[in-house]
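A quick write-up on the structure given underneath.
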Amino acid sequence: MAQPGCGTDVSKATLTGSLQPCQETVGGNWNGWIAPEGLSPNHLKKAKLMFFYTRYPSSNMLKMFFSDVKFNRCITSQLIKWFSNFREFYYIQMEKFARQAINDGVTGVEDLSISRDSELYRALNMHYNKANDFEVPERFLEVAQITLREFFNAIVAGKDVDPSWKKAIYKVICKLDSEVPEIFKSPNCLQELLHE
DNA sequence: GTCAGTCCTG
DNA sequence: CAGGACTGAC
């Protein structure tokens with residue numbers, strides 16, 4: 001049909017060699033062993049819990065709260081990446097539930113609230129706090145509800161026709177970050193947080 | 001050129 | 001969640 005095959009050969013030569021294998025020069029390389037020293041599963045767990053407070057942590061903030069890790073470009077980008085992935089999941093859930101509500105006949109945001117027994121809450125909690133051994137801060141519920149309503153209104157208003165309609169929502173949500181409790185700065189915060 | 005961020009894949 | 005491609009600001 002319409003495949004002239006003559007106007008789409010622009011790409012394929014963008015290997016600018018700007019890729020960095022992230023092989024930080026390991027100074028202390030005794031007897032040939034290179035200590036990986038990456039982020040541990042606990043760091044991931046901690047990051048997820050932090051997400052309940054901050055959706056958009058700055059790299060500086062991350063360095064403060066993960067003082068026990070030696071930051072290099074890889075670690076930094078990996079942590080940034082984690083939060084980016086966290087946000088993706090978060091927003092995908094929000095959109096999903098907002099659309100579901102609309103399909104279910106909900107007409108106003110007044111009928112969209114998020115409590116600890118909401119399906120949406122359970123989905124989020126399952127993702128960031130799977131073991132359910134952390135008490136999710138109330139503020140997170142509020143932010144989640146605001147986000148859900150933001151999506152709901154945007155969709156109802158037909159904003160989603162614009163390819164970048166979510167940007168406006170992100171702009172709103174990024175301002176709702178809370179202060180992360182000082183305890184999170186402790187390398188052993190998990191034990192302390194989950195002990196209570 | 002780098003780097004933080006996103007998109008979208010797997 | 002990690003990879004890879006890509007964008008945008010520095």
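Per chain, numbering begins at 1; letters A, B, ... match sequence-line order.
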Expressed as a whole number of angstroms, how long is the span from Tyr91(A):OH to dT6(B):P?
9 Å
At 4.0 Å (heavy atoms only), tell me whether Ser59(A) reaches a base, stays on the sugar-phosphate, or touches nothing.
nothing
Identify, between Lys81(A) and Phe86(A), the residue whose nearest nucleotide on DNA chain C lies closer to the 5' end.
Phe86(A)
Spacing of Arg87(A) atom CZ relative to dC7(B) atom C1', expressed in whole Å
13 Å
Round to the nearest Å and state the distance from Ile80(A) atom CD1 to dC7(B) atom P.
15 Å
Whole angstrom is fine here: how far is it from CD in Glu88(A) over to P in dG10(B)?
14 Å
Select base, sugar-phosphate, or nothing to describe what Lys48(A) touches, counting heavy atoms under 4.0 Å on all strands.
sugar-phosphate
So, OP1 or OP2 of dT6(B): does either fall under 4.0 Å of a side-chain N or O from Ser84(A)?
yes
Atom OG1 in Thr107(A), atom CD1 in Ile102(A): separation rounded to 0.5 Å?
10.5 Å
Rounding to an integer number of Å, can you tell me how far Asn72(A) CG sits from dT2(B) P?
15 Å
Starting at atom NZ of Lys166(A), determine the distance to atom P of dC7(B), rounded to an integer number of angstrom.
8 Å
As an exercise, state the distance from CG of Leu120(A) to CD of Gln100(A), rounded to the nearest 0.5 Å.
9.5 Å
Where do Ser115(A) and Asp117(A) land on the side-chain hydrogen bond (donor to acceptor under 3.5 Å, both in side chains) test, with the steps shown first?
CA-CA 5 Å; Ser115(A) 61; Asp117(A) 58 334; 2.2 Å; yes
From the list dC7(B), dA2(C), dC1(C), which nucleotide is the closest neighbour of the side chain of Tyr170(A)?
dC7(B)
How many whole angstroms separate atom CG of Asn85(A) from atom C1' of dT6(B)?
10 Å
I want to check one thing: is the phosphate of dT2(B), taken as OP1 and OP2, less than 4.0 Å away from some side-chain N or O of Arg73(A)?
no
Are more than 12 heavy atoms from other residues, nucleotides or ligands located less than 6.0 Å from atom CZ of Arg122(A)?
no
Between dC1(C) (C1') and Lys45(A) (NZ): distance, integer Å
17 Å
Aromatic plane relationship, Tyr53(A) with Phe184(A) - under 30° parallel, 30 to 60° tilted, over 60° perpendicular:
perpendicular
